Protein chains: 2
Amino acid sequence: MNIRQLEVLRTLLATGSTIAAAKTMGLSQSGVSRLLQQLEEDLSMSLFVRDKGRLLPTPEAQILALDAENILLAVDRMSSRAEDLRSGAAGPEIVRIGLPSSMWEHFAPAMLADYIRDFPGVRIETFFETTTSINKLVEQRVIDFGFLRMEGESGPGVEIERVATGESVCVVPKDHPLVELEEITVKNLRDVPLILIGRQRPNRMALDQSFRRAGVKQLVKIETHTNSSACSYVAHGLGVTIISSFYANLYRHLPVVYRPFVPRTTQEFGLARAVGMPLSIAAHALSDAFKRQVEISQKDQ
Amino acid sequence: MNIRQLEVLRTLLATGSTIAAAKTMGLSQSGVSRLLQQLEEDLSMSLFVRDKGRLLPTPEAQILALDAENILLAVDRMSSRAEDLRSGAAGPEIVRIGLPSSMWEHFAPAMLADYIRDFPGVRIETFFETTTSINKLVEQRVIDFGFLRMEGESGPGVEIERVATGESVCVVPKDHPLVELEEITVKNLRDVPLILIGRQRPNRMALDQSFRRAGVKQLVKIETHTNSSACSYVAHGLGVTIISSFYANLYRHLPVVYRPFVPRTTQEFGLARAVGMPLSIAAHALSDAFKRQVEISQKDQ
DNA sequence: CGCAATATTATGCGATTTCGTCATAACACT
DNA sequence: AGTGTTATGACGAAATCGCATAATATTGCG
């Protein structure tokens with residue numbers, strides 16, 4: 001097996017023909033054809049069926065292409081890391097950080113503004129991803145560290161330092177009748193339009209469980225995948241949502257308020273980084289800036 | 001960059017010398033040395049310092065080795081996935097096949113017994129249906145492929161590979177007077193109780209036509225809808241039936257014999273599958289098993 | 001100390017294999 | 001006939017790999 005062959009597989013699947021693949025890969029059609037044949041021989045299985053002169057990918061090819069993509073990504077990472085190392089001493093230092101998608105709007109800009117005051121020369125790369133993606137990115141050392149919800153099941157090569165906690169709260173529009181309540185229970189949400197996040201995440205499952213146990217049917221109006229969008233929907237009166245107070249605190253500028261949600265549950269959030277890989281000074285400083293920003297966002301009620 | 005080179009990096013870091021690395025990798029010392037030089041050239045950085053004739057890894061090498069390990073792991077994953085795919089053992093792969101109802105009793109079990117010997121991990125779903133239903137199931141991609149009588153009018157998205165032929169035969173009980181005849185004509189069937197199949201199928205219409213043309217009135221005792229039940233009725237002396245020799249061959253264990261029926265007509269049977277949708281390896285293997293079974297059932301007279 | 005023995009990596013050489021292109025064949029579709 | 005596709009034979013360029021051997025360092029021994 002061969003990196004070149006994997007590239008052919010990917011490109012062929014993307015373009016659909018050897019000619020187009022050859023064009024995008026910058027080699028001849030016959031070259032592509034040969035590379036493909038080699039790969040098929042190496043794996044001793046046929047990846048495409050030749051049908052009326054066309055190449056049709058087999059289901060196996062589609063599956064293997066996912067693995068191939070993984071390999072190619074890893075190769076890219078290694079190349080770019082080599083690049084970094086080569087120019088390392090001379091070039092601009094770079095810090096890579098993973099954040100939940102919800103933070104792109106206010107949190108990240110504020111943190112970076114704080115940071116670059118002290119480290120104007122450092123280049124920063126931000127990845128906005130989900131908890132699981134960030135975990136993976138840390139494990140593969142694509143990013144120096146990442147912020148994520150602690151859910152127990154983090155990879156073996158990852159260690160997490162807790163930096164924040166939160167409890168489940170119900171976010172409602174500022175002028176919503178529910179604002180009157182001291183705390184909001186499942187029963188209070190009967191027939192209230194809900195905006196829910198992250199189908200099939202463990203947190204969401206627990207929430208579904210609570211509704212079932214209380215015999216309340218969820219009136220799910222919207223499903224979304226970021227805390228920020230959920231709060232934004234709430235602000236526009238589209239319904240109410242249930243998120244962690246940690247995130248709710250990030251959106252205090254919106255015309256929404258939150259109340260504790262019972263049954264109470266707590267969440268922990270932490271900074272994850274690869275074990276056995278000390279942070280660079282610049283990265284360490286960025287993690288400090290991150291913690292300061294958390295402090296600010298959570299402190300003044 | 002090259003997978004082989006990465007293996008060298010890993011092994012070299014693990015063993016500490018080109019000779020030991022060569023031994024564990026199964027190639028010559030010079031080969032290892034060369035591979036290492038290539039990698040260093042590709043990355044345009046030196047991974048080892050040559051100190052007093054020994055190779056000492058640079059910190060960069062250690063860092064990059066982690067990435068290399070990632071790549072090699074991904075490669076291994078892909079290889080083993082290919083292995084699984086090849087043997088059809090990957091996950092709960094499922095193959096769906098459509099068969100004529102007549103085959104449920106002996107043919108399908110024998111075929112599957114043959115198949116699962118080689119593909120124990122594959123789940124199989126069988127649909128016993130009529131030719132037209134199977135056609136539809138193939139067209140809608142509910143099933144991977146199906147066996148059916150070729151009647152000319154198959155859907156546009158369906159292509160059929162002929163795998164068997166048959167001719168009309170008259171199936172009679174073993175001790176029936178008609179057994180004496182070399183072949184059986186319409187006239188021989190005057191006043192003989194008939195067991196017929198599939199009202200309103202084109203084949204049946206042609207048969208009715210023959211009787212009308214010969215001026216023979218059919219003495220239809222039983223109408224049924226599967227070849228197997230028709231033969232079973234014959235075996236119990238309830239009458240004679242006219243089916244394709246292909247099916248008659250499947251019921252040779254019954255106390256019945258068959259004779260060519262004139263006017264002679266031939267039938268073709270084939271495997272239908274959706275065009276533009278290659279079969280998975282597991283599905284392909286099942287179609288092979290099917291053909292083998294057809295071979296067996298039709299061969300020894 | 002001198003010197004051979006034994007490590008190590010590097011390299012010239014040559015046979016073999018692979019890589020990639022060109023030209024062209026073979027086929028299907030329009 | 002014209003266009004689009006994949007496959008393949010021929011061929012030169014390049015890479016692969018083992019062998020033998022060079023260059024160097026370490027070690028052991030008298």
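Proteins come first, then strands; the chains are lettered A, B, ... in the order of their sequence lines, and each starts at number 1. It should be emphasised that the depicted structure is a prediction, and the values quoted were computed from it without experimental measurement. All values below come from the heavy atoms of this structure, side chains included, with hydrogens, waters and symmetry mates left out.
The number of heavy atoms from other shown groups lying within 6.0 Å of CG (Leu73(B)) is above 12. Annotation: Lys291(B), atom NZ; neighbour count of heavy atoms from other residues, nucleotides and ligands within 6.0 Å is above 12.
Shown for residues 10-18 of chain B: residues whose heavy atoms fall under 4.0 angstrom of DNA chain C, namely Ser17(B), Thr18(B).
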**Item:** Where protein sits on nucleotides 12-25 of chain C, one letter per nucleotide: B base, S sugar-phosphate only, - none, heavy atoms under 4.0 Å
**Value:** BB-----SSBB---
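Under the salt bridge (Lys or Arg N to Asp or Glu O under 4.0 Å) criterion, the residue pairs touching residues 61-74 of chain B are Arg81(A)-Asp67(B), Arg141(A)-Asp67(B), Arg10(B)-Glu69(B), with sequence neighbours excluded.
Atom pair Leu56(B):CG and dT8(C):P shows a separation of 14 Å (rounding to whole Å applied). Between the P atom of dT11(C) and the CD atom of Glu41(B) lies a distance of 12 Å, rounded to the nearest Å.
In this structure Glu41(B) satisfies the side chain to side chain donor-acceptor pair (under 3.5 Å) test with no other residue, sequence neighbours excluded. Partners of Asn227(B) under the side chain to side chain donor-acceptor pair (under 3.5 Å) rule, at least two apart in sequence or in another chain, are Ser102(B). Among residues two or more places apart in sequence or in another chain, the side chain to side chain contact (heavy atoms under 4.5 Å, CB included) test is passed with Val275(A) by Glu159(A). Every side chain to side chain contact (heavy atoms under 4.5 Å, CB included) that Arg264(B) has, sequence neighbours left out, goes to Glu167(B), Glu183(B), Pro260(B), Val262(B). A search for side chain to side chain contact (heavy atoms under 4.5 Å, CB included) contacts involving Ser46(B) returns Glu40(B), not counting sequence neighbours. Contacts of Asp114(B) classified as salt bridge (Lys or Arg N to Asp or Glu O under 4.0 Å), with partners at least two apart in sequence or in another chain: Arg117(B), Arg292(B). Not counting sequence neighbours, the partners of Ala68(A) by the side chain to side chain contact (heavy atoms under 4.5 Å, CB included) test are Leu6(A), Leu9(A), Met78(B).
Donor-acceptor pairing under 3.5 Å is lacking for the side chains of Gln267(B) and Thr165(B). Side-chain contact check for Ser33(B) and Ser30(B): no donor-acceptor pair (N or O, by modelled atom type) lies under 3.5 Å.
Contact detail for Arg149(B) and Tyr247(B): the closest heavy-atom pair is NH2-CE1, 4.3 Å.
Taking a heavy-atom distance under 4.0 Å as the criterion, the stretch of DNA chain D touched by chain B extends 5' to 3' from dT16(D) to dT26(D).
Taking a pair as Watson-Crick or G-U wobble with both distances under 3.5 Å, DNA chain D forms stems of 3 or more consecutive pairs at C:1-30 with D:1-30.
Using a 4.0 Å heavy-atom distance criterion, Ile19(B) is classed as a base contact.
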